[in-house]
Amino acid sequence: MPRFLVLYAVLFAAFGVASPFLPGLLQQDGLAPSAIGVVLAGGTAIRLLAGPAGGRLADRTGRPAAILCAMTAAAAVLALGYGPARGLALLLLVSVLHAAALAPLTPLADALALGSSRQRPEFEYGWVRAAGSAAFIAGTLAAGQCVAQAGLGVIIWLNAGLLALAAGAAWTVPNRVAGTRAAPGAPGAIMALLAMPVFRRLMLAASLIGGSHALHDGFEVIRWRSAGLSAGQASVLWSMSVAAEVAVFLFLGRRMVERLGPGRAMALAAAAGIVRWGVAARTAWFPAMALVEPLHGLTFALLHLACMDMIGRIVPARLAATAQAFYATVAMGAMSTVVTLASGSLYGRFGAASFWSMAAMCALALPVAIGIRVERPAAAVGR
């Protein structure tokens, strides 16, 4: 587990130093807002293809750790391309190539970590994932200080350096995922996964609950500020949601999934989403927000742990990396992209009432999650 803790810490710190500041870097490089949108959308679109492709490559070769190491090293090198690139065409090219290398990293790391958790009773997946969340925050805070001192260009070097360290960490983690190498002539892995009714139901519930966060991520702070909350209060509320996420990953999530089972745990996440987005649609009063923002621990962290547990139960080892990549980039990523594209128009027309649409997504997910059943005995998350 210490090797996975190091891997997740440096990998998510690499994400944290770059993600919040990349739009500003693109603006500094001369791109207009519309061009920045094109560059970011290009990176998002390629992830939908590159994520599953990277997972399938790992499954076909039976060497997910080696693929993770190679893709992380490639991402480190490609990150340096943001330095000399200027103009829409070059920056779009760098963005697409960099995003393609980044797309499989978290799914492959999750597949490897879950492989170890199933074979080592002392392995706590929740602790590993919490280390990643905490490292993302630490990376963002540290990068903010560096940007203040050295300018936005420093995030290129921070991101590339941390990804290089992550590549080294990936080389050290054990591969306990693939017991069987997929045959070159085997049927399509994604089609094999989608042929499983439980997997389809799982992905549908995850996409609805996970996608419901898109409006919050894009417009909740704008909503708070327009309602009179200060920047400090907005910061406190956002920090409370992340703290709840880490708490569920570290202490509560595994026990909840063990006790409820993954289906009912996802149903609880959906119910929490209905409450969270329903309150957001009605008020931005600080005490009310302070009560519902910690529900992020259920709507995101518990959802993620339940999905990880369920994937581990129903997916054959030879398709583990493909399943993780499909979950991360297609089920969660594609839905979030669609909702993000729609959220601007929704918020512009309906304001805070647009959060009712996010509550509706969670309401749709509730019966889907309740219907998730498996016959195999429960395997605890983090074991």
Side-chain angles (χ1 to χ4, degrees), residues 7-58 65-109 132 135-136 138-140 142-171 325 328-329 333 336-337 340:
L7 170 62
Y8 274 69
V10 291
L11 184 61
F12 277 74
F15 300 156
V17 300
S19 297
F21 303 102
L22 181 58
L25 178 67
L26 296 174
Q27 184 180 47
Q28 178 179 281
D29 288 341
L31 295 190
S34 59
I36 293 172
V38 169
V39 170
L40 296 178
T44 300
I46 198 64
R47 285 172 179 267
L48 303 180
L49 300 174
R56 185 55 182 152
L57 178 62
I67 300 300
L68 175 60
C69 178
M71 297 300 289
T72 308
V77 173
L78 289 166
L80 298 174
Y82 282 109
R86 293 294 182 274
L88 176 58
L90 282 178
L91 286 167
L92 177 60
L93 177 62
V94 173
S95 174
V96 167
L97 293 175
H98 191 227
L102 289 172
L105 301 191
T106 302
L108 290 179
F136 185 96
T140 299
Q145 297 300 312
C146 292
V147 166
Q149 297 295 320
L152 283 164
V154 73
I155 69 168
I156 299 171
W157 299 100
L158 291 172
N159 182 247
L162 287 166
L163 286 171
L165 290 175
W171 187 256
T329 59
S336 294
T337 301
T340 298

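Sequential numbering from 1 along the given sequence is applied to the chain's residues.
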Ignoring hydrogens and geometry, is there a side-chain-to-backbone donor-acceptor pair from Thr72 to Leu163 under 3.5 Å?
->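 The answer is no, because no donor-acceptor pair under 3.5 Å joins these two groups.
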
Going by salt bridge (charged side-chain N to carboxylate O under 4.0 Å, His left out), name the pairs with one or both residues in [range], residues two or more places apart or in two chains.
{"range": "residues 67-85", "value": "none"}
{"range": "residues 87-100", "value": "none"}
{"range": "residues 83-101", "value": "Asp29-Arg86"}

Residues which pass ring-ring contact (aromatic ring centres under 6.0 Å, His included) with Phe136, listed by chain and number, not counting sequence neighbours |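 Once residues adjacent in sequence are excluded, Phe136 has no partner under the ring-ring contact (aromatic ring centres under 6.0 Å, His included) criterion.
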
Heavy-atom closest pair, residues [X] and [Y]:
{"X": "Leu48", "Y": "Gly333", "result": "CD2-C, 4.1 Å"}
{"X": "Leu108", "Y": "Ala58", "result": "CD2-CB, 3.6 Å"}
{"X": "Pro84", "Y": "Leu80", "result": "CD-O, 3.3 Å"}
{"X": "Arg47", "Y": "Thr329", "result": "O-CB, 3.5 Å"}
{"X": "Ala169", "Y": "Val10", "result": "CB-CG2, 4.4 Å"}

Evaluation steps, side-chain contact (heavy atoms from CB on, under 4.5 Å), between Tyr82 and Leu22 = CA-CA 10 Å; Tyr82 282 109; Leu22 181 58; 4.0 Å; yes

Would you please name every residue forming a side chain to side chain donor-acceptor pair (under 3.5 Å) with Tyr8, sequence neighbours left out?
->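 Tyr8: side chain to side chain donor-acceptor pair (under 3.5 Å) contacts with Asp110.
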
Do Leu25 and Ile156 have side-chain heavy atoms sitting under 4.5 Å apart?
->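 Yes, close enough: below the 4.5 Å cut-off.
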
Find out whether Trp171 and Leu68 are in side-chain contact, i.e. whether some heavy atom of one side chain is under 4.5 Å from a heavy atom of the other.
->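 SC-SC contact between Trp171 and Leu68 ruled out.
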
Sequence neighbours excluded and cut-off under 3.5 Å, please list the side-chain donor-acceptor pairs for residues 93-107, or say none.
residue, atom, partner, partner atom, Å
Ser95, OG, Val39, O, 3.0
His98, NE2, Ala75, O, 3.4

